[in-house]
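Please read these numbers as outputs of a predicted model, since none were measured by experiment.
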Amino acid sequence: MTITVTDVVLECCKEFNVSLEDFYSKKREHRIVISRQMSHMVLKERLKLSYESIAAIMSTGGRKMHHTTVIHSVKSVKDFLSINDDYIT
């Protein structure tokens, strides 16, 4: 089975209880930000997309994203998981 960008986004929304509308909005509530950051990390690590591609994909709903935002997201999630290795079960 091939995993798509849509699959990743929908799963992150489901996991963090975020609507698709909120995911692509400018809102900065913690759970929304975390769901976006997690999706960036999965898209980079699993789908092997470039930072620029992820930024372009996520630049919807009035949000313009820069590739450095994606770099920060991936680093943040990796840092969190490195000190909370029991988080993913």
*Check step by step if side-chain contact (heavy atoms from CB on, under 4.5 Å) holds for I57 and L49.*
CA-CA 10 Å; I57 291 166; L49 298 179; 3.9 Å; yes
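- Side-chain contact check for H40 versus V77: every heavy-atom pair is 4.5 Å or farther apart.
- A heavy-atom distance below 4.5 Å is found between the side chains of L43 and M58.
- Taken to the nearest 0.5 Å, the OG atom of S59 stands 4.5 Å off from the NZ atom of K64.
- The line from OG of S39 to CE of M41 is 9.5 Å long, rounded to the nearest 0.5 Å.
- Hydrophobic clustering keeps V33 apart from V9 (ILVMFWY residues linked when any side-chain heavy atoms are closer than 4.5 Å, directly or through intermediates).
- For I3, the side chain to side chain contact (heavy atoms under 4.5 Å, CB included) test picks out D7, V8, L47, with sequence neighbours left out.
- The list of salt bridge (Lys or Arg N to Asp or Glu O under 4.0 Å) pairs with a residue in residues 30-45, not counting sequence neighbours, reads E29-R31, E45-K78.
- The shortest distance between side-chain heavy atoms of E11 and V42 does not fall below 4.5 Å.
- For S82, there are no side chain to side chain contact (heavy atoms under 4.5 Å, CB included) partners, not counting sequence neighbours.
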*asked:* Determine whether H30 and F16 satisfy the following criterion, side-chain contact (heavy atoms from CB on, under 4.5 Å), listing intermediate values before the conclusion.
replied: CA-CA 10 Å; H30 183 73; F16 293 96; over 6 Å; no
*Give the C-alpha distance, both sets of side-chain angles, the deciding distance and a yes or no for side-chain contact (heavy atoms from CB on, under 4.5 Å) between M38 and E15.*
CA-CA 10 Å; M38 186 63 75; E15 182 67 27; over 6 Å; no
